[in-house]
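Before any comments, here is the structure.
We're numbering straight along the sequence, starting at 1.
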Amino acid sequence: MAFDMYLANKKIFIDVHEEALFHKINEDERFPKLNWIWEHFYNGPEIIPEISNDIVHELILLKNICEEEKIIFVIEKLLPFFSNAYRLKMVIKTRSD
């Protein structure tokens, strides 16, 4: 099941095989916002700019401690998207299949 995210006219998604990112951080207190996304994955949460900023910092931390290339690939895909949302002060709309 894909998790689609929309920022103005840009779209990015977390595909089924990329959900391993959430399994890696499941219930780890260092990643409260990423865990929040996982908890609300199927409810189509809106992600406000402040949360996007927190997610950027959590993704950077995860990238620094993770050794799995498939997860690092997902992190590198997501970082610019969340960074732009914060920088532009825009809400990310989401939808899951």
> Which value, rounded to the nearest 0.5 Å, describes the distance between E58 atom CD and L79 atom CG?
Replying inline: 11.5 Å
>> Could you measure the distance from the CZ atom of F3 to the NE2 atom of H40? Nearest 0.5 Å is fine.
In response: 10.5 Å
Under 3.5 Å, sequence neighbours excluded: what are the donor-acceptor pairs made by side chains of residues 44-56?
{"unit_1": "E46", "atom_1": "OE2", "unit_2": "K93", "atom_2": "NZ", "d": "2.5"}

>> Let me check something: do L61 and I71 share a hydrophobic cluster, defined by ILVMFWY side-chain heavy atoms less than 4.5 Å apart, either directly or through other members?
In response: yes
>> Looking at every non-hydrogen atom in both residues, tell me the closest pair between V16 and A2 and how far apart they are.
In response: CG2-N, 4.3 Å
> Is there a path from Y86 to I12 through hydrophobic residues (I, L, V, M, F, W, Y) whose side chains come within less than 4.5 Å of each other?
Replying inline: no
> Taking atom CZ of F73 and atom CD of E68, what is their separation to the nearest 0.5 Å?
Replying inline: 15.0 Å
>> So, taking the atom named CG in L7 and the one named OG1 in T94, what distance separates them when rounded to the nearest 0.5 Å?
In response: 12.5 Å
> Can you list every side chain to side chain donor-acceptor pair (under 3.5 Å) pair that touches residues 70-79, not counting sequence neighbours?
Replying inline: E18-K77, K63-E76
>> Are I60 and L34 linked, directly or through intermediate hydrophobic residues, by side-chain heavy-atom contacts shorter than 4.5 Å (ILVMFWY only)?
In response: yes
>> For K24 versus L62, what's the shortest heavy-atom pair and its separation?
In response: CG-CD1, 4.1 Å
> Ignoring hydrogens and geometry, is there a side-chain-to-backbone donor-acceptor pair from D28 to R30 under 3.5 Å?
Replying inline: yes
> Should the ring pair F41 and F22 be called parallel, tilted or perpendicular, given that the plane angle runs from 0 to 90° and is split at 30 and 60?
Replying inline: perpendicular
> At their closest point, which heavy atom of L21 faces which heavy atom of L59, and how far apart are they?
Replying inline: CD1-CD2, 4.4 Å
>> Quick check: closest heavy atoms across Y42 and S96, and the distance to 0.1 Å?
In response: CA-OG, 3.2 Å
> Hey, what do you get for CG (N64) to CD1 (I72), rounding to the nearest 0.5 Å?
Replying inline: 9.0 Å
> Closest approach of N35 and I25, non-hydrogen atoms and distance?
Replying inline: ND2-O, 3.2 Å
> So, is the end of the K33 side chain (NZ or CZ) under 6.0 Å from the ring centre of F31 and within 45° of the ring's axis?
Replying inline: no
